[in-house]
Each structure stands twice: as structure tokens, then as C-alpha cells.
Number of protein chains: 2
Amino acid sequence: MTVTNDESAQYLIRTVSKRSGVKSDLVRAWERRYQAVTPTRTSGGHRVYTDQDIARLKLLNQATSNGHSISQIAQFSLDDLKHLLKDETLSTSQSPNDLLPSTINKVHLAEDYSDKCYAAVLAFDAQKLESHFENAIVELGAESFIEHLLSPLLNKIGERWKTGELRPVHEHMTSSVIRSLTYILRNNNPCPENAPRMIVSTPIGQLHELGALLAAIMAELCGWQVTYLGANLPAEEIAAAVKYTNACALTLSISFATDDHIVAKELRRLKKLIGNNVSLIVGGRAAGHFQPVLNEVGVMKIQSYTHFKQLLNQLATEYYASDNKNQP
Amino acid sequence: MTVTNDESAQYLIRTVSKRSGVKSDLVRAWERRYQAVTPTRTSGGHRVYTDQDIARLKLLNQATSNGHSISQIAQFSLDDLKHLLKDETLSTSQSPNDLLPSTINKVHLAEDYSDKCYAAVLAFDAQKLESHFENAIVELGAESFIEHLLSPLLNKIGERWKTGELRPVHEHMTSSVIRSLTYILRNNNPCPENAPRMIVSTPIGQLHELGALLAAIMAELCGWQVTYLGANLPAEEIAAAVKYTNACALTLSISFATDDHIVAKELRRLKKLIGNNVSLIVGGRAAGHFQPVLNEVGVMKIQSYTHFKQLLNQLATEYYASDNKNQP
DNA sequence: CATTTTTTGTCAATGTTTTGTAAAGGTTTG
DNA sequence: CAAACCTTTACAAAACATTGACAAAAAATG
């Protein structure tokens with residue numbers, strides 16, 4: 001099914017007629033006699049319809065040619081109409097479970113989607129995974145999608161990867177799908193021109209990018225202007241990106257605990273390169289493993305989903321405050 | 001404060017009219033009556049348009065000739081317009097081609113965009129880069145976009161990287177932007193359920209993914225069901241993905257010439273793991289460097305843009321032929 | 001079953017709005 | 001100075017709206 005959630009799309013009667021299969025005259029008659037649809041009007045009086053109206057007329061058309069009297073069903077809700085037709089075509093159908101998504105329901109719904117997504121990951125079915133994600137974004141909204149679906153899902157993938165149930169390719173495939181999704185998420189809330197800038201990456205040796213992706217998406221949703229660099233970059237490169245973009249924050253994800261000293265060395269170098277005016281944030285499953293270095297370098301460590309969100313908002317506030325001072 | 005001097009290129013109405021296909025008079029009428037575009041003015045009062053305006057007008061033109069009333073859609077955002085047209089081309093595939101998309105013009109136009117995109121890469125401006133890409137896709141169409149803009153651009157980036165004008169981060173940033181664009185490109189032509197499947201990646205040690213991305217996009221546009229895995233994967237992982245997805249082809253990009261034997265070893269292992277029924281395709285700037293191994297293993301080497309396209313179509317044809325035999 | 005009444009899709013007549021195009025006359029640009 | 005722009009005003013075809021009517025089909029009634 002297509003993603004037609006907005007009511008931004010509006011149509012005049014001829015388009016509606018073409019799409020629904022109901023002649024213009026009849027559309028007007030149904031409105032006049034039974035208020036089957038109640039379009040708004042232009043200032044000049046022309047009728048303006050929504051996607052929902054079209055869907056409605058389509059169903060009404062089907063129902064009438066199925067023997068129902070228009071006067072009886074004209075005021076039915078979309079759901080009622082669907083049921084009507086379902087019951088006819090399949091006489092005894094499945095359980096009708098599409099009803100109101102309350103806030104409490106959302107968590108449950110997200111879990112539901114999460115299971116489906118994990119199954120798609122396990123089956124290595126990128127198409128299905130993307131499809132589930134798309135639907136989930138529409139149904140849950142970007143906010144809930146990230147908090148209740150994406151975040152737990154990535155955790156689960158991280159765990160299962162350690163137990164061997166998943167292979168590295170699974171993670172790569174998932175990263176790939178999520179990366180292409182950033183396009184939808186970003187376009188849901190365009191950020192202001194003067195938003196604070198952030199670089200997101202993972203240090204050299206850290207090949208897992210799921211955590212970094214999550215961080216990037218979250219930051220974008222919190223109104224940051226994020227430049228995502230992918231995984232496995234040396235300190236010099238990351239620092240260069242910070243310079244180029246004039247970023248005021250840098251977020252790294254560390255999800256794999258190594259015993260060599262690469263991460264520590266990279267962090268120290270990074271700090272030296274970017275200086276004290278750029279906030280250095282580190283998250284990821286294995287961040288705790290490097291606690292001594294984090295303390296030494298002066299890193300903000302992400303404690304949890306909500307903690308990161310608070311951090312983002314706090315830093316943004318500080319940024320706007322100092323920005324106003326410099327810009328009288 | 002940073003220099004936020006956007007709108008690098010500006011056009012007068014005649015150019016806009018030619019490129020968008022909307023007559024000058026009409027462009028002005030749309031502006032006067034519905035504020036469809038809001039160009040700036042020269043000191044003398046002439047209208048000055050941006051690339052975005054052109055993309056916008058092009059989409060509006062398409063939408064109106066598709067039955068939408070201009071007054072209703074004039075103020076839609078670029079994204080809304082894209083959705084509008086996407087939903088329509090899915091239901092009614094007949095589209096009477098609009099005016100003058102002469103091939104010669106397109107090449108020139110693509111070069112123009114290519115320069116702008118490269119400038120954005122050099123300036124490390126991900127947002128501008130994405131914006132240019134989006135406009136270019138609208139104006140050129142996916143096909144031309146890839147052939148005349150993306151492909152040359154990536155070559156240029158590869159070259160400049162070697163000379164040191166660009167750093168690795170530039171490439172990472174560009175990859176990131178292109179990856180999120182795959183979403184638009186993919187949704188322009190949904191592939192059939194039973195399309196042949198392909199895995200795209202780069203072997204271990206090969207960190208540059210631009211070539212692989214290009215290959216993935218091209219294959220998708222040729223009707224393949226592509227699973228893109230990103231860069232730097234060991235043979236076992238890639239082979240596992242091939243097994244999981246039941247892919248009939250595997251494309252690798254090799255853009256960096258190394259003197260160690262890793263690539264050779266990986267290729268040999270891969271061939272052993274995937275067997276003879278899966279086509280192994282290799283492309284990339286440095287593919288020639290490993291010619292002996294390619295011959296030994298039996299690899300199809302990509303010679304050029306058009307060669308790869310032919311290869312894709314040929315393999316797809318073979319796939320469908322053998323598929324029909326097995327599935328009577 | 002025959003006759004009325006109601007429902008429903010379609011049309012016609014007449015007036016208004018929308019929308020692409022164009023002409024007239026002045027200004028800017030190169 | 002010519003070509004390209006600008007603004008204003010106008011115009012006509014296409015698309016809409018409203019009202020009212022009509023006949024076939026369906027339902028109700030006797």
C-alpha cells in the first residue's frame with residue numbers, strides 16, 4: 001500500500017473522478033443527496049478533495065456495483081466500507097485488527113514491528129526489511145520509530161551478533177537499508193539554516209556502524225545538521241571533517257571492545273586535533289570498556305537513549321546562546 | 001560566522017523556460033497568481049531563478065499535464081510533488097513525453113551539474129551536494145543522472161583523491177550522501193518480484209565504496225534486485241550473502257591497487273565459495289592491476305559504463321530464460 | 001400481479017472560475 | 001539600439017457549480 005498519510009494532496013473533481021471511477025456528476029449528486037463526501041472549496045467555489053475522499057469514493061463505487069444501495073452506505077466510515085467489501089469477497093475473512101493507535105498501543109505496535117524486522121534481518125531479506133521500516137515510520141512517526149523500534153532492534157542485533165546467530169553481513173545489510181532510510185527521516189523535519197553542526201563516525205578499527213547511524217538519525221531529528229561519515233576513519237580525517245563543516249560536536253560510536261590501544265590512541269589524537277571548543281561525545285555498547293581514556297580525554301559518554309537526547313538538546317541550546325552573542 | 005551564500009547559480013527566465021518546459025509567460029503567471037516560485041530580482045527588476053526553481057517548475061508542469069490543477073499544487077514542496085507524481089506513474093503508466101529533453105542538451109546540463117556537485121564535495125558541503133543531486137535527478141531523469149553526472153563525477157573524485165586535492169573524508173561524505181539518494185532512485189522504478197538478484201560489495205582491504213555504489217544503482221535501474229553490503233568484507237561474508245539471497249551474480253569494486261596478495265587470495269576464495277553458477281563481476285579503477293587473477297578465477301571485468309549495462313541486461317535475459325525452464 | 005413511490009444515475013441549461021495565451025507599452029541589459 | 005524583460009490588462013477555452021428535470025430500476029403498496 002502506498003504512503004498516503006498527508007492531507008496535503010488535494011484534487012479537483014475531474015482528477016477525483018478519474019481516480020475513483022465515479023463520474024463527476026455522480027460525485028456531486030452523492031454529495032448533494034447523501035453527503036457521501038464533504039470536500040472543501042476554493043475561494044471560487046470549486047470542490048477540493050483529499051486522498052481519503054478518493055479512497056472513499058472508490059470503495060463506495062465498488063460497494064454499489066456490488067448491490068448495496070448508495071443511500072444506505074454513503075455515510076459509512078472508511079473502515080466500515082472496507083469490512084463490507086472484505087466480507088463479500090472472502091465471505092469469512094481474518095480478524096479485523098486495524099484500529100486506533102493510542103500512545104500505549106504504540107509501544108506494543110513497535111515491538112510487533114521490531115519482531116518482523118528482526119525476522120527480515122535473520123532471513124537476510126533487505127526488501128522486506130525496508131518495507132517494514134517504511135510502514136513503521138508512517139504508523140509510529142519518526143520519534144517513536146527511533147525510540148521504540150530502531151533503538152531496541154539495533155541492540156538486539158548487536159547481542160545476537162555476539163552469540164553468533166547473526167554474521168557480520170547481516171549487520172552490513174541492515175546498515176545499508178537504514179542508511180537509505182535516512183532520506184525519509186531527514187525530509188520529515190528539515191532543519192534550520194543556522195542549526196548546530198555535528199559530525200558522526202566511528203574511529204579506526206571500529207567497523208560497526210549501526211550505533212553511529214542511530215546517533216546520526218537521532219541528532220538530525222533533534223534539529224542538528226549532521227554530516228555522517230560512515231565507519232572506520234582515522235583521527236586526522238574525522239578532525240578534518242570537523243574543521244571543514246565548522247561542527248561544534250563530534251559523536252563517535254564504539255561497539256567493539258578491543259584490547260589493543262588503537263581506540264585510546266585515536267581518541268587522544270582526536271582530542272588534540274579538534275581542541276576544547278568541540279564537544280566530543282562517545283556512545284556504543286563497548287564504550288564502557290574504554291572508560292579510563294574517556295575520562296582522561298574529557299569525553300561525554302552516552303548513558304542511554306534519553307540521556308543522549310537530553311545531551312543533544314542541551315548542547316544545541318548552548319550553541320544558540322553563544323551564537324547570538326557573537327551575532328548581535 | 002560562516003558565509004552562507006547559497007544560490008551559487010542563477011538563471012534568467014528564458015533559460016528557466018527552456019529547461020523546465022514551461023513558457024515564460026506561464027512561469028510569470030504561475031508566480032503572480034499562485035506564488036509557485038519566488039525568484040529574486042536583479043537591481044533592474046529581472047527575475048533570477050535557482051536550480052531548485054527549475055526542478056520545481058519541471059515537476060509542476062508534469063503534474064498539471066497529469067490532470068492536477070495548478071492552483072492546488074502550486075505551493076507544494078519538492079517532496080510533495082515527487083510523491084504526487086510517483087503515485088501516479090505507478091497507476092497510469094502512460095506519460096506523454098514533455099518538451100525538448102534533447103540528448104545533447106542533457107550532456108551539457110549534466111556537466112554543469114557535475115561541476116556544481118564537485119564544488120560541493122570540495123567545500124565539504126553535504127547539504128548542498130544532496131540538493132544538487134536531487135535537482136539533477138528531476139531534470140535529467142535517473143538514467144541520464146547516472147550516466148552523465150554520477151559516473152563522471154565519481155571518476156573525477158577518484159582522480160582528485162590520488163592527487164591529494166581530496167581527502168578520504170571527502171569520499172566518505174560523498175558516499176554517505178549518495179547512499180541516502182538510492183532511496184529516490186530505487187523508488188523511481190520498482191523491480192518485479194522475480195527479478196534476478198545481485199550482491200554488491202568490495203573485498204576486504206578495499207575501503208572505497210563509490211564504485212560499488214555506482215554499480216549497485218546501475219543494476220537496480222536495470223531491473224535487478226540488489227543487496228548492497230558496503231565496503232571491506234571478507235570472502236566468507238560476501239559468499240554467505242550470496243547464499244542467503246540466492247543471488248545469481250556478485251559484483252565487486254576494486255579501486256585501489258595494492259601489492260599485497262590479499263585481493264588475489266580473496267578472489268580465489270570467493271570463487272571457491274560461490275561456485276560456478278554465480279556470475280562474478282569485477283569493476284573499478286584498479287581492477288586491471290589484478291588482471292592475472294581475474295583471468296585465473298574466471299571473472300567478468302567491467303570495461304566501461306555501457307559494457308556493464310550490456311552485461312547486466314545479458315545476464316538478466318539468461319536468468320529469465322533459465323527461470324522459465326525450471327518453473328513451467 | 002399491477003400500480004405507485006422512491007431511489008439513482010444521467011443530462012441540459014446557464015452562469016462562474018480557472019488557466020493558458022497574447023497584446024500594449026515601458027524598462028533593463030549588453 | 002535591439003533583444004529580452006517587466007507589468008498590466010484582456011480574452012477565450014476548458015472545467016466547475018447550481019438547479020432542475022427525467023427515466024430506468026428498485027422498493028413499497030394495494
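Below, chain A is the first sequence line, B the second, and so on; all start at residue 1.
- Atom CZ of B:Arg33 is separated from atom C1' of C:dT17 by 11 Å (rounded to the nearest Å).
- A:Tyr113 and A:Glu139 are linked by a side-chain donor-acceptor pair at a separation below 3.5 angstrom, with hydrogens and angles left out of the test.
- Between A:Tyr244 and B:Asp125, the side chains place no donor N or O within less than 3.5 Å of an acceptor N or O (distance only, hydrogens not considered).
- Salt bridge annotation for A:Asp53-A:Arg56: absent, with no cationic side-chain nitrogen under 4.0 angstrom from a carboxylate oxygen.
- Nucleotides of DNA chain D nearest to B:Ser24 and A:Arg41 differ in position, and the one nearer the 5' end is that of B:Ser24.
- An OP1 or OP2 oxygen of C:dT19 is reached within less than 4.0 angstrom by a side-chain nitrogen or oxygen of B:Ser69.
- Between the NE2 atom of A:His46 and the C1' atom of D:dA14 there is a distance of 10 Å, rounded to whole Å.
- For B:Ile70 and D:dA15, the CD1 to P distance is 16 Å, given to the nearest whole Å.
- Counted by atom type alone, A:Tyr183 and B:Glu134 present one or more donor-acceptor pairs between their side chains at under 3.5 Å.
- As a whole-Å value, the separation of A:Arg14 CZ from C:dT19 P is 8 Å.
- For the pair B:Tyr34 and C:dT19, the criterion of a side-chain N or O lying under 4.0 Å from OP1 or OP2 is met.
- OP1 or OP2 of C:dT10 lies within a sub-4.0 Å distance of a side-chain N or O belonging to A:Lys23.
- Here A:Thr42 does not reach the OP1 or OP2 of C:dT17: none of its side-chain N or O atoms lies under 4.0 Å away.
- Here B:Thr64 does not reach the OP1 or OP2 of C:dT19: none of its side-chain N or O atoms lies under 4.0 Å away.
- For D:dA17, one of the phosphate oxygens OP1 or OP2 lies less than 4.0 angstrom from a side-chain nitrogen or oxygen of A:Arg28.
- For the pair A:Gln72 and B:Ala29, both in contact range of DNA chain C, the more 5′-proximal nearest nucleotide belongs to A:Gln72.
- In this structure, CG of B:Asp25 is placed 10 Å from P of D:dC6, rounded to the nearest angstrom.
- If you take OH of A:Tyr49 and P of D:dC16, they are 10 Å apart, rounded to a whole angstrom.
- Atom-to-atom, NE2 of A:His68 to P of C:dT8 comes out at 13 Å; the value is rounded to the nearest Å.
- With D:dC6, D:dA17, C:dT21 as the candidates, the nucleotide lying closest to the side chain of B:Arg47 is D:dC6.
- In this entry the distance linking CG of B:Leu26 with C1' of C:dG20 reads 6 Å, nearest Å.
- Of the candidate nucleotides C:dG9, D:dC16, D:dT8, D:dC16 has the atom lying nearest to any side-chain atom of A:Leu12.
- Under 4.0 angstrom from either OP1 or OP2 of C:dT19 there lies at least one side-chain N or O belonging to B:Ser71.
- In this structure, B:Phe145 and B:Phe133 have perpendicular ring planes: the angle between them is above 60°, well past the 30° mark.
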